[in-house]
Amino acid sequence: MDRKIKVVRIINRFNIGGPTFNATFLTKFLGDDFETTLIGGVPDEGEKDSLHILKEYGVEPIVIPDIQRNLSLSNDYKAYKKIKRILQEIQPDIVHTHASKAGFLGRAAAISLNIPVVVHTFHGHVFHSYFGPLKTGLFKQIERYLARKSTGIIAISALQKKELVEVHKIAPANKVQVIPLGFDLKKFSEDTDAKRKQIRQEYGLKDDEVAIAIVGRLAPVKDHDYFLQVIENVLSSTEVPIRVFIVGDGSEKEHIQQKVAAINQKHPGSIIMTSWIFDISTFNQGMDIVCLTSRNEGTPVSIIEAQASGLSVVATDVGGVRDILADGQAGFVIKRENIETYIDKLRLLIEDPSLRNKFANFGKQSVMDKFSYHRLVKDMSSYYKTLLK
């Protein structure tokens, strides 16, 4: 193909998280063979938009406010018509959708126009821990139909591929390609001492205080109740002074605030809710441990960023966590039902700085190799060209 390969990339919404970074880097750095247009929706109520990330890399998206996470026949139809109009105008060689709503609307529009290559990335999935059995069953049927009509499906981890192929039977194995996410991780290991000093001073953290953070939407699927149960237990059972940071915002904010207030009454000033933090690479340097207690995940960005920042991690064993966190080497991966084990392992890390150090060094090396955006764009470019053939 002598001319540039035209790609239209469609993402659910520009909120803070893996899909935004992925779409931004693929739009910006795919290379001279490609010309990419990025389309996306708006964040849910309580979510911070992530347009500052696109701006930082000089990416100008087309924002369609009708692409919203919640089901709405009128909004969804309007979004579908707008996407279809843009596709008719651009006449792309490839339409690549990211996450469920964009995957539904974008693929439906692309299929109706006979776009040569239609690709979809599952960043996570909604096949458990989101909806009841009826709705979940309907979504599976829709995804199976769309997968049949798609040229290729991308899973972001080997475990996710297994779930899509063997557990939920969305697509056959030969149609699903594993391409892990990629990030700009350099900034997470720059000026670390100065950043640590800055954050520790800002929050009045003493040298002997161990700082623990959980980073993500305040949404049921992230299960902050589980996290707070762990923290309450640890606060009562360790002699080491700890300070806990809940970073994020969302629908569960009020409920979480009440729980935090109750714990802070017993252990004054121990938990701080920060809302969203834009400069997470600086913030992380003030921390010692990052936790994740989700019920369901794709590839949790907070864990990749934590390891790139040189922090040890304790996480529930969900989604692609095991693909990005080496259990017993960079942190601990724990079955959700074993909350006692979660508490024990977190306490162990709090009380053993040399173990934290060992985990931090291993994790940093591991993610720097596997999750750079240079690798992502190389993988994606070669996959696109294979599909076009």
Side-chain angles (χ1 to χ4, degrees), residues 192 196-197 199-216 218 222-248 255-274 277 280 283-294 300 302-303 305-307 309-318 321 325-364:
T192 53
R196 184 168 177 84
K197 193 176 170 193
I199 295 299
R200 305 282 296 189
Q201 274 178 351
E202 190 178 322
Y203 290 103
L205 287 161
K206 299 187 183 76
D207 289 348
D208 65 342
E209 268 184 298
V210 174
I212 301 161
I214 184 167
V215 181
L218 308 187
K222 302 294 182 183
D223 206 350
H224 287 76
D225 282 353
Y226 187 107
F227 175 68
L228 290 171
Q229 198 181 330
V230 168
I231 292 302
E232 191 163 14
N233 209 296
V234 169
L235 280 164
S236 308
S237 60
T238 184
E239 298 296 309
V240 177
I242 65 171
R243 196 92 67 89
V244 178
F245 295 84
I246 298 176
V247 180
H255 166 73
I256 293 163
Q257 277 175 330
Q258 286 169 1
K259 293 219 154 190
V260 166
I263 296 171
N264 277 341
Q265 264 193 318
K266 281 191 253 171
H267 307 275
S270 57
I271 305 175
I272 295 162
M273 293 178 71
T274 68
I277 287 175
I280 206 77
F283 175 81
N284 273 0
Q285 290 307 329
M287 300 298 107
D288 300 292
I289 301 166
V290 164
C291 288
L292 179 129
T293 53
S294 300
S302 64
I303 291 189
E305 292 177 338
Q307 291 177 91
S309 306
L311 305 177
S312 43
V313 177
V314 187
T316 44
D317 189 2
V318 292
V321 168
L325 181 66
D327 184 29
Q329 292 177 290
F332 294 115
V333 183
I334 294 148
K335 295 266 176 244
R336 273 185 52 81
E337 55 273 24
N338 300 343
I339 194 162
E340 292 302 330
T341 310
Y342 197 114
I343 291 162
D344 291 345
K345 295 299 188 189
L346 179 57
R347 192 169 45 231
L348 174 63
L349 276 178
I350 288 166
E351 292 170 357
D352 189 346
S354 67
L355 183 62
R356 289 203 303 270
N357 227 8
K358 190 177 121 193
F359 280 3
N361 291 334
F362 185 92
K364 195 172 202 171

Interatomic distance, D327 atom CG to L325 atom CG [nearest 0.5 angstrom]: 7.0 Å

Other residues, nucleotides, ligands: >12 heavy atoms within 6.0 Å of Q265 CD: no

Interatomic spacing from CG in L346 to CD in E351 - rounded to 0.5 Å: 9.5 Å

Closest contact, heavy atoms only, S302 versus L292: OG-CD1, 4.0 Å

Where G286 and L205 come nearest, the two heavy atoms and their spacing: O-CD1, 4.1 Å

Distance-only polar pair, side chains of S270 and R243, donor-acceptor under 3.5 Å: no

Donor-acceptor contact present, side-chain T293 to main-chain K222, <3.5 Å: yes

Heavy-atom closest pair, residues A330 and G363: CB-CA, 3.7 Å

Within-4.5 Å side-chain heavy-atom neighbours: D317 and I334: no

Heavy-atom check, side chain of I199 versus side chain of M287, under 4.5 Å: yes

Between Y226 and Y342, ring centroids under 6.0 Å: yes

Side chain proximity check, I246 to L218, heavy atoms < 4.5 angstrom: yes

Whether R356 side chain and S312 backbone form a donor-acceptor pair below 3.5 Å: no

S294 backbone acceptor or donor facing D223 side chain under 3.5 Å: no

Over all atoms of both residues, closest heavy-atom pair of F359 and G328: CE1-O, 3.3 Å

Backbone of K206 reached by a side-chain donor or acceptor of R200 within 3.5 Å: yes

Short side-chain to backbone donor-acceptor contact, T238 and V234, under 3.5 Å: no

Pair E232 + K259: basic N to acidic O under 4.0 Å: no

I242 to I350 - nearest heavy-atom pair and separation: CG2-CG2, 3.7 Å

Test side chain to side chain contact (heavy atoms under 4.5 Å, CB included) applied to L349 and L355, step by step: CA-CA 7 Å; L349 276 178; L355 183 62; 4.0 Å; yes

Residue pair I231 / L235, side-chain heavy-atom distance below 4.5 Å: yes

Check against side chain to side chain contact (heavy atoms under 4.5 Å, CB included), V321 and T316: CA-CA 8 Å; V321 168; T316 44; 5.8 Å; no

Q257 versus M273, closest heavy-atom pair with distance: CG-SD, 3.6 Å

Check: D288 side chain, A211 main-chain N or O, donor-acceptor pair, under 3.5 Å: yes

Verdict with supporting geometry, I272 and V244, side chain to side chain contact (heavy atoms under 4.5 Å, CB included): CA-CA 6 Å; I272 295 162; V244 178; over 6 Å; no

Interatomic spacing from CD1 in I214 to CZ in F227 - rounded to 0.5 Å: 5.0 Å

Q307 side chain vs I303 backbone, donor-acceptor pair below 3.5 Å: yes

Side-chain heavy-atom pair N284, L311 within 4.5 angstrom cut-off: yes

D352/K358 salt bridge by N-O under 4.0 Å criterion: no

Test item: N264 side-chain N/O and I271 main-chain N/O as donor-acceptor pair under 3.5 Å: yes

Note, I212 side chain near C291 side chain (heavy atom, < 4.5 Å): yes

Side chains of Y203 and T274 in contact at under 4.5 Å (non-hydrogen atoms): yes

Any H255 side-chain heavy atom under 4.5 Å of D225 side chain: yes

